[in-house]
S.K.: 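Here you go, one structure.
Every value quoted in this text rests on a predicted model; they were computed, and no experiment measured them. When a ligand or atom number is given, it counts from 1 through the structure's own listing order.
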Amino acid sequence: CAKKAKTPKDSSNELAVCRVLLADLEAHQDAWPFLSPVQHKSVPGYRKVIKKPMDFSTIKEKLTNNLYLNLENFIVDVNLVFDNCQRFNEDDSEIGRAGHRMRRFFDKRWTELLQFF
Ligand SMILES: Oc1ccc2c(c1)N[C@H](O)CC2
C-alpha cells in the first residue's frame, strides 16, 4: 500500500517564536547579568568551572546566523545561560536570584507560546 507522505514540520514560525522569546528575555529587568558574554579573563575560576559559556547576545548571533534548527535547540542554549548562573553563583546572591527569576519567566513564556504548535 502507498506509504503516507510525512508532512514536513514547518519550523519557520518556530524561529520567529525564538526571536520573540529572546526579545522578551533581553527586555526583562533582571536580564543584566546575561546580556553579554562573561568577561572570563577578569572573573577568577569562571573558565575552569563553566565549560560552555552562553549569554543572550551570543544566542541572538546564533539565531541571526541560522544556527538553531528548531525551538528545542534554542531552548537548550537559553537553559545553559541559567544553568551556568546557578553553578557559578550562590542562590542567595544578586546574580543568583536574577537567574532564578529569569528562568521562571522564560519557562512561563515558552510554555504559553507552545500551545500554538
Ligand atoms: O561576583 C561576580 C563577579 C562576576 C561574575 C559573577 C559574580 N557571576 C556571573 O555569573 C559571572 C560573572
S.K.: Taking atom types as modelled and ignoring hydrogens, do the side chains of Q29 and R101 form a donor-acceptor contact shorter than 3.5 angstrom?
M.R.: no
S.K.: Can you list the residues that meet the salt bridge (charged side-chain N to carboxylate O under 4.0 Å, His left out) rule with D107, with sequence neighbours excluded?
M.R.: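 So D107 forms no salt bridge (charged side-chain N to carboxylate O under 4.0 Å, His left out) with any residue.
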S.K.: What do you reckon, is CG of D92 surrounded by more than 12 foreign heavy atoms closer than 6.0 Å?
M.R.: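 For D92, atom CG is not crowded (no more than 12 foreign heavy atoms under 6.0 Å).
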S.K.: Any heavy-atom pair between the side chains of W110 and V17 that's under 4.5 Å?
M.R.: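 They are not in contact (no side-chain heavy atoms under 4.5 Å apart), so the answer is no.
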S.K.: Between the protein and ligand 1, are there any N or O atom pairs that come within less than 3.5 Å of each other, and if so, what are their names and distances?
M.R.:
from: ligand 1; atom 1: 8 (N); to: N89; atom 2: OD1; distance (Å): 2.8
from: ligand 1; atom 1: 10 (O); to: N89; atom 2: ND2; distance (Å): 2.8

S.K.: Would one find more than 12 heavy atoms of other residues, nucleotides or ligands at under 6.0 Å from atom NZ of K51?
M.R.: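 Yes, NZ of K51 has more than 12 neighbouring heavy atoms, counting only those of other groups under 6.0 Å.
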S.K.: So, applying side chain to side chain contact (heavy atoms under 4.5 Å, CB included) with K60, which one of L63, T58, T64 is it?
M.R.: T64
